[in-house]
**Q** 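My structure is below; once you've seen it, I'll send some questions.
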Amino acid sequence: MAKLSIQDLNLDGQRVFMRVDFNVPLTDDGRVSDDTRIRETLPTIEYALRKGARVILASHLAAPRASPIQR
């Protein structure tokens, strides 16, 4: 069975739950130092919106060391 892609789905009026990888590197003061992962998800999110979907995004931001946000 072939793997489905988002283009294979009828998205009109559907809620679409997307797990996205926004686990981006942060500077010491909590700013995003590389937004590549965020920018790379935009075509898929925009596609779903154009096709009439209501998009729900889920991600996480890991903190392998204490970040300024946690202090």
**Q** Write out all pairs satisfying salt bridge (Lys or Arg N to Asp or Glu O under 4.0 Å) with one or both partners inside residues 14-25, taking only residues at least two apart or from two chains.
**A**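 Residue pairs passing salt bridge (Lys or Arg N to Asp or Glu O under 4.0 Å), neighbours aside: Asp21-Arg37.
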**Q** Working note: Lys51 + Ile6, criterion side chain to side chain contact (heavy atoms under 4.5 Å, CB included); need CA distance, chi angles, decisive distance, verdict.
**A** CA-CA 10 Å; Lys51 294 297 183 175; Ile6 195 166; over 6 Å; no
**Q** Could you give the distance from CZ (Arg50) to CD1 (Ile45), rounded to the nearest 0.5 Å?
**A**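 Atom-to-atom, Arg50:CZ and Ile45:CD1 are 11.5 Å apart.
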**Q** Which residues satisfy the salt bridge (charged side-chain N to carboxylate O under 4.0 Å, His left out) test with Arg31, sequence neighbours excluded?
**A** Asp29
**Q** Please assess Ile56 against Val16 for the test side chain to side chain contact (heavy atoms under 4.5 Å, CB included), listing each intermediate value before the final yes or no.
**A** CA-CA 6 Å; Ile56 302 162; Val16 177; over 6 Å; no
**Q** Grab the two heavy atoms, one from Asp8 and one from Lys3, that are nearest each other, plus how far apart they are.
**A** OD2-O, 4.3 Å
**Q** So which atom in Val55 and which in Leu57 form the shortest heavy-atom distance, rounded to 0.1 Å?
**A** CG1-CD2, 3.6 Å
**Q** Does Asp34 have any salt bridge (charged side-chain N to carboxylate O under 4.0 Å, His left out) partners at least two apart in sequence or in another chain, and if so, which?
**A** none
**Q** Give the minimum heavy-atom separation between Phe22 and Ser59, together with the two atoms involved.
**A**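 For Phe22 and Ser59, the tightest heavy-atom pair comes out as N-OG, 3.0 Å.
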**Q** Nearest 0.5 Å, please: how far is OG1 in Thr44 from CD in Glu46?
**A** 9.5 Å
